[in-house]
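I have placed the structure first, in the form of structure tokens, so that the comments after it can refer back to it.
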Amino acid sequence: MSTGVVIALIGAALATILAGVGSALGVAAGGQAAAGVVSEDPAQFAKVLILQLLPGTQGIYGLLVTFIALSQIGLLGGSVVELTTKQGWAFFVACLPIAIVGLVSAVFQGKTSVASIGVVAKKPDQFGKAMLFPAMVETYAILALLISILSVTNILK
């Protein structure tokens, strides 16, 4: 396996690892707040569950970029493409937007979800408005996802 392939694989792994860590932290924070609300008002379970789950999407985005990168490298098809070191670094860098933005946005989305869960606890009828706050943080994860996908799919063209 060439140095280029190893560098590319490290980038792909970082996309999953960092975005996944961010999602785990964000979902955990939301889960703690959600559990408090449900202990007081079990009828709010579905609403707070949705808010808790929102930071989990970044981990999915990181995994998606990893699968695309592995596919481009040929690892999923059984015949690995021999990458130059330059191409390996290109894959590595292409995976960084979702890795870094996924990590950071998931943590902050978790904090925003906690605040929104507090809104639902006090005013359950304001769920729609409360959901917009963490959804706004999601915008940046989606932008990073798009940049990583566009970059990863165009390296070997």
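- Using a 4.5 Å heavy-atom threshold, the side chains of V5 and Q87 count as separate.
- Two residues are said to be in side-chain contact when any heavy atoms from C-beta on lie closer than 4.5 Å; V104 and V107 fail this criterion.
- Remark: the backbone N or O of P134 is not paired with any side-chain donor or acceptor of T112 at under 3.5 angstrom.
- Looking at every heavy atom in both residues, V65 comes nearest to C95 through CG1-SG, 4.1 Å.
- With rounding to the nearest 0.5 Å, the separation of CD1 in I17 from CG in L63 is 11.5 Å.
- Considering N154, I98, I68 in turn, I68 is the only one that fulfils the side chain to side chain contact (heavy atoms under 4.5 Å, CB included) rule with I149.
- Linking Ile, Leu, Val, Met, Phe, Trp and Tyr residues whenever their side-chain heavy atoms come within less than 4.5 Å leaves I60 and V137 in two separate clusters.
- At distances below 3.5 Å, at least one donor-acceptor pair connects side-chain atoms of S113 with backbone N or O atoms of L51.
- Between L96 and L18, every side-chain heavy-atom pair lies at or beyond the 4.5 Å cut-off.
- Listed for the K47 side chain is a donor-acceptor partner under 3.5 Å among the backbone atoms of P124.
- A donor atom on one side chain and an acceptor atom on the other are found under 3.5 Å apart for T57 and E138.
- Between the side chains of Q109 and Y140, no donor-acceptor pair of N or O atoms lies under 3.5 Å.
- There is no path of hydrophobic side-chain contacts, each under 4.5 Å, that joins L25 to F108.
- When side chains are defined from C-beta on, L14 counts as touching I10, because their heavy atoms get closer than 4.5 Å.
- Interatomic distance, CG of L150 versus CD1 of I147, reported as 6.0 Å (0.5 Å rounding).
- Between V152 and A69, the closest heavy-atom pair is CG1-CA, 3.6 Å.
- The shortest side-chain heavy-atom distance between V27 and L54 does not fall under the 4.5 Å cut-off.
- A donor-acceptor pair is defined here as one N or O able to donate and one able to accept, closer than 3.5 Å; such a pair exists between the side chain of S148 and the backbone of A94.
- Between A29 and V114, the shortest heavy-atom distance links the atoms O-CG2, 3.4 Å.
- When hydrophobic clusters are built by joining Ile, Leu, Val, Met, Phe, Trp and Tyr residues whose side-chain heavy atoms come closer than 4.5 Å, directly or via intermediates, V80 is grouped together with L83.
- Contact of the I50 side chain with the M131 side chain is registered, since non-hydrogen atoms from C-beta on lie closer than 4.5 Å.
- By the rule that hydrophobic residues join a cluster once side-chain heavy atoms approach within less than 4.5 Å of another member, M1 and L70 end up as members of one cluster.
- Follow the hydrophobic side-chain contacts under 4.5 Å out from I155 and you reach I73 in the same cluster.
- For the pair Y61 and I142, the minimum side-chain heavy-atom distance is below 4.5 Å.
- The two residues G62 and T16 come nearest to each other via the heavy atoms O-OG1, 3.6 Å.
- Here the CG-OG1 distance, from L75 to T66, works out to 11.5 Å after rounding to the nearest 0.5 Å.
- The minimum heavy-atom distance between A106 and S23, with the atom names listed, is CB-N, 3.4 Å.
- Residues A8 and F91 approach most closely at CB-CB, 3.5 Å, considering heavy atoms.
- Residues F67 and L76 meet the side-chain proximity criterion, which asks for heavy atoms closer than 4.5 Å.
- Under a 3.5 Å cut-off, the side chain of T139 and the backbone N or O of M136 do form a donor-acceptor pair.
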